[in-house]
Amino acid sequence: MVELTFLTRVDCHLCALARETVAEVAAGRDVRVTEVDIDTDDDLAAQYGWDVPVVLLNGRQHSFHRVDKDRLSRALAGLGA
(Lines give C-alpha, C1' and ligand atoms only; values in the text may rest on other atoms or scores of the structure.)
Protein backbone atom coordinates (compact mmCIF):
# COMPACT_ATOMS: atom_id res chain seq x y z
CA MET A 1 0.00 0.00 0.00
CA VAL A 2 1.22 3.48 -0.87
CA GLU A 3 0.80 6.22 1.72
CA LEU A 4 -0.19 9.44 -0.02
CA THR A 5 -0.19 12.47 2.25
CA PHE A 6 -1.94 15.53 0.85
CA LEU A 7 -0.84 18.74 2.58
CA THR A 8 -3.32 21.55 2.21
CA ARG A 9 -4.89 24.56 3.90
CA VAL A 10 -8.32 26.14 4.08
CA ASP A 11 -9.34 28.49 1.23
CA CYS A 12 -6.56 27.34 -1.10
CA HIS A 13 -7.83 27.24 -4.70
CA LEU A 14 -4.86 25.18 -5.93
CA CYS A 15 -5.54 22.72 -3.11
CA ALA A 16 -9.12 22.29 -4.26
CA LEU A 17 -7.97 21.48 -7.80
CA ALA A 18 -5.25 19.14 -6.56
CA ARG A 19 -7.69 17.36 -4.22
CA GLU A 20 -9.80 16.39 -7.23
CA THR A 21 -6.74 15.10 -9.10
CA VAL A 22 -5.50 13.10 -6.10
CA ALA A 23 -8.93 11.53 -5.60
CA GLU A 24 -9.24 10.62 -9.27
CA VAL A 25 -5.78 9.10 -9.55
CA ALA A 26 -5.96 7.24 -6.22
CA ALA A 27 -9.38 5.71 -6.90
CA GLY A 28 -9.22 1.95 -7.32
CA ARG A 29 -5.54 1.73 -6.35
CA ASP A 30 -3.86 0.40 -3.27
CA VAL A 31 -3.36 3.92 -1.86
CA ARG A 32 -4.20 5.35 1.54
CA VAL A 33 -4.80 9.10 1.24
CA THR A 34 -4.39 11.25 4.33
CA GLU A 35 -5.20 14.94 4.11
CA VAL A 36 -3.46 17.29 6.53
CA ASP A 37 -4.17 21.01 6.99
CA ILE A 38 -0.68 22.42 7.52
CA ASP A 39 -2.08 25.27 9.59
CA THR A 40 -2.90 22.75 12.34
CA ASP A 41 0.79 21.79 12.68
CA ASP A 42 3.41 24.47 13.37
CA ASP A 43 6.25 22.35 11.96
CA LEU A 44 4.44 21.69 8.68
CA ALA A 45 3.38 25.33 8.39
CA ALA A 46 7.00 26.42 8.88
CA GLN A 47 8.33 23.84 6.43
CA TYR A 48 5.83 24.33 3.59
CA GLY A 49 4.46 27.85 4.14
CA TRP A 50 2.71 28.87 0.93
CA ASP A 51 3.99 25.91 -1.10
CA VAL A 52 0.71 24.00 -0.70
CA PRO A 53 -0.73 21.81 -1.98
CA VAL A 54 1.99 19.23 -1.45
CA VAL A 55 1.78 15.53 -2.25
CA LEU A 56 4.01 13.13 -0.33
CA LEU A 57 4.31 9.52 -1.46
CA ASN A 58 5.51 7.25 1.33
CA GLY A 59 6.84 10.36 3.08
CA ARG A 60 8.78 11.73 0.11
CA GLN A 61 7.73 14.90 -1.68
CA HIS A 62 6.28 14.18 -5.08
CA SER A 63 4.79 17.52 -6.06
CA PHE A 64 3.76 20.93 -4.84
CA HIS A 65 1.57 23.80 -6.09
CA ARG A 66 0.10 21.76 -8.94
CA VAL A 67 -0.49 18.02 -9.22
CA ASP A 68 -0.08 16.57 -12.70
CA LYS A 69 -2.47 13.63 -13.12
CA ASP A 70 -0.26 11.61 -15.48
CA ARG A 71 2.89 12.14 -13.42
CA LEU A 72 1.14 11.12 -10.19
CA SER A 73 -0.37 8.08 -11.89
CA ARG A 74 3.05 6.95 -13.17
CA ALA A 75 4.61 7.47 -9.72
CA LEU A 76 1.89 5.41 -8.03
CA ALA A 77 2.26 2.64 -10.62
CA GLY A 78 6.00 2.65 -10.01
CA LEU A 79 5.37 2.14 -6.30
CA GLY A 80 3.07 -0.79 -7.00
CA ALA A 81 -0.28 0.95 -6.52
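Along the sequence shown, residues carry numbers from 1.
The CD1 atom of I38 sits 9.0 Å away from atom OH of Y48, with the distance rounded to the nearest 0.5 Å. Atoms CG and CZ, from L57 and R60 in turn, are 10.0 Å apart once rounded to the nearest 0.5 Å.
Applying the salt bridge (charged side-chain N to carboxylate O under 4.0 Å, His left out) definition to pairs two or more places apart or across chains, those involving residues 66-81 are E24-K69. Pairs engaging residues 8-81 under the disulfide bond (SG atoms under 2.5 Å apart) rule: C12-C15 [sequence neighbours left out]. Applying the disulfide bond (SG atoms under 2.5 Å apart) test to residues at least two apart or on different chains, none of the pairs has a partner in residues 27-81.
Shortest non-hydrogen contact noted between S63 and V67 is OG-CG2, 3.8 Å. Of all non-hydrogen atoms in A81 and D30, the two that sit nearest each other are CB-O, 3.7 Å.
With sequence neighbours excluded, no residue satisfies salt bridge (charged side-chain N to carboxylate O under 4.0 Å, His left out) with D37. Among residues two or more places apart in sequence or in another chain, the salt bridge (charged side-chain N to carboxylate O under 4.0 Å, His left out) test is passed with R29 by none.
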- Item | Steps toward side-chain contact (heavy atoms from CB on, under 4.5 Å) verdict (V52, L14) | CA-CA 8 Å; V52 292; L14 289 178; over 6 Å; no
Kindly list each side-chain donor-acceptor pair under 3.5 angstrom involving residues 2-11, sequence neighbours excluded, with atom names and distances?
residue	atom	partner	partner atom	Å
E3	OE2	R32	NH1	3.1
R9	NE	D39	OD2	3.0
R9	NH1	G49	O	2.6
R9	NH2	D39	OD1	2.7

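The closest side-chain heavy-atom distance from L56 to H62 is not below 4.5 Å. For the pair L79 and V31, the minimum side-chain heavy-atom distance is 4.5 Å or more.
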